[in-house]
Amino acid sequence: MKITVIGVGRLKEKYWREAVEEYSKRLSKYVSLEIIEVPDEKAPETLSHAEERQVKQSEGARILKSIKDGAYVIALAIDGKMLSSEELSTFINERMVRGCGHIVFVIGGSLGLSDEVLARADYKLSFSKMTFPHQMMRVVLLEQFYRAVKIMRNEPYHK
């Protein structure tokens, strides 16, 4: 199975990069993992609604260009469905059983995802009603996907 994580912006801090590298290494035993960083839009702290929409649309266009035809797209969205680790494992396993060979997870930038990206998503997943930095979500996503794989395979790790 191929897993792609598309994230807006670069991981600037060394500790985030090291955490992503660690989980990427762990996952390499089970899946083909690709991480795509699309550039974020430079924007001042205060934006009008129209300016926010434009930033999200620009970032969204870059995201959509990175999604291959036929991929099953899971957008991380605050209003998405919340799953336990066990439920995520079952969800991923069900996709695999149905022949889904490529899953794409999408993590938006600081303003979230454009309507176009959300419309392209096959599923919206939420990790919490809280807002997290997109750099942190990349690590949390990889850790939870690793946990899901370990649960699926009945291997030790999950507590």
Side-chain angles (χ1 to χ4, degrees), residues 1-11 16-41 56-129 131-159:
M1 167 170 270
K2 180 172 184 175
I3 301 298
T4 301
V5 176
I6 302 173
V8 174
R10 299 187 59 81
L11 295 182
W16 293 132
R17 289 192 310 271
E18 288 175 346
V20 166
E21 287 169 14
E22 176 61 27
Y23 284 107
S24 296
K25 183 175 83 175
R26 292 182 188 192
L27 282 164
S28 69
K29 298 175 194 171
Y30 306 104
V31 297
S32 170
L33 177 66
E34 174 185 33
I35 297 177
I36 299 172
E37 293 179 330
V38 298
D40 55 346
E41 284 291 305
K56 289 197 295 188
Q57 284 178 332
S58 295
E59 292 173 348
R62 291 186 198 111
I63 290 168
L64 291 170
K65 283 182 187 176
S66 299
I67 297 173
K68 305 275 191 286
D69 289 342
Y72 187 89
V73 178
I74 300 174
L76 272 59
I78 204 162
D79 63 341
K81 174 105 168 106
M82 283 194 253
L83 302 174
S84 69
S85 296
E86 294 85 355
E87 289 169 331
L88 178 62
S89 180
T90 299
F91 180 83
I92 297 298
N93 192 46
E94 286 172 355
R95 304 284 98 47
M96 291 169 62
V97 168
R98 292 179 186 168
C100 177
H102 187 193
I103 296 177
V104 176
F105 289 94
V106 180
I107 303 169
S110 60
L111 297 175
L113 294 167
S114 69
D115 291 339
E116 294 81 3
V117 172
L118 292 171
R120 169 60 182 89
D122 297 293
Y123 191 83
K124 292 194 296 184
L125 177 66
S126 175
F127 281 87
S128 172
K129 291 191 183 283
T131 302
F132 295 100
H134 56 279
Q135 302 93 329
M136 182 183 293
M137 280 315 303
R138 200 174 305 179
V139 175
V140 171
L141 171 63
L142 289 174
E143 190 281 333
Q144 283 297 302
F145 190 82
Y146 178 69
R147 184 178 298 272
V149 168
K150 297 297 265 187
I151 292 169
M152 242 185 282
R153 299 174 60 88
N154 293 314
E155 295 179 359
Y157 175 74
H158 175 65
K159 301 267 188 252

Solution key, residues 65-73 side-chain donor-acceptor pairs under 3.5 Å, sequence neighbours excluded:
| unit_1 | atom_1 | unit_2 | atom_2 | d |
| --- | --- | --- | --- | --- |
| Ser66 | OG | Arg62 | O | 3.2 |

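- The two residues Leu111 and Lys56 have their closest heavy-atom pair at O-CD, 3.2 Å.
- Inter-residue side-chain proximity for Ser24 and Leu142 is flagged as met; some heavy-atom pair is nearer than 4.5 Å.
- Taking CD of Gln57 as the start and CG of Leu113 as the end, the distance is 13.0 Å to the nearest 0.5 Å.
- Note that the CG atom of Leu125 and the CD1 atom of Ile107 stand 10.0 Å from one another [nearest 0.5 Å].
- Here the straight-line distance linking atom CG of Leu141 with atom CD1 of Ile74 works out to 8.5 Å at 0.5 Å rounding.
- The residues Asp122 and Lys124 are annotated as not salt-bridged, no charged nitrogen and carboxylate oxygen being separated by less than 4.0 angstrom.
- In summary, Glu21 and Lys25 do not engage in a salt bridge, as defined by a charged side-chain N under 4.0 Å from a carboxylate O.
- Here the CZ-OG distance, from Phe145 to Ser85, works out to 12.5 Å after rounding to the nearest 0.5 Å.
- Remark: Tyr23 engages no residue in a ring pair (Phe, Tyr, Trp, His ring centres under 6.0 Å) (not counting sequence neighbours).
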Inset, instruction - Mind running side chain to side chain contact (heavy atoms under 4.5 Å, CB included) on Tyr30 and Met1 for me, showing each step along the way? - result: CA-CA 8 Å; Tyr30 306 104; Met1 167 170 270; over 6 Å; no

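- Applying the side-chain contact (heavy atoms from CB on, under 4.5 Å) criterion to Met82, with sequence neighbours excluded, gives Ser126, Lys129.
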Would you give me the side-chain donor-acceptor pairs under 3.5 Å for residues 90-102, sequence neighbours excluded?
| unit_1 | atom_1 | unit_2 | atom_2 | d |
| --- | --- | --- | --- | --- |
| Thr90 | OG1 | Glu86 | O | 3.1 |
| Arg95 | NH1 | Phe91 | O | 2.9 |
| His102 | NE2 | Thr4 | OG1 | 2.7 |

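- Taken to the nearest 0.5 Å, the CD1 atom of Ile78 stands 13.0 Å off from the CZ atom of Phe127.
- Applying the side chain to side chain donor-acceptor pair (under 3.5 Å) test to residues at least two apart or on different chains, the pairs with a partner in residues 131-143 are Glu37-Arg138, Glu143-Arg147, Glu143-Tyr157.
- Closest approach of Ala121 to Ala75, counting heavy atoms only: CB-CB, 3.7 Å.
- The two residues Leu118 and Ala77 make their nearest non-hydrogen contact at CD2-CB, 4.2 Å.
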Inset, instruction - Give the C-alpha distance, both sets of side-chain angles, the deciding distance and a yes or no for side chain to side chain contact (heavy atoms under 4.5 Å, CB included) between Ile3 and Leu27. - result: CA-CA 10 Å; Ile3 301 298; Leu27 282 164; over 6 Å; no

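- Rounding to the nearest 0.5 angstrom, the gap separating the CG atom in Leu76 from the OH atom in Tyr123 is 11.0 Å.
- Remark: Ser128 pairs with Met130, Phe132 by the side-chain contact (heavy atoms from CB on, under 4.5 Å) rule, at least two apart or across chains.
- Asp40 has its side chain within reach of Glu59: a pair of non-hydrogen atoms, C-beta onward, lies under 4.5 Å apart.
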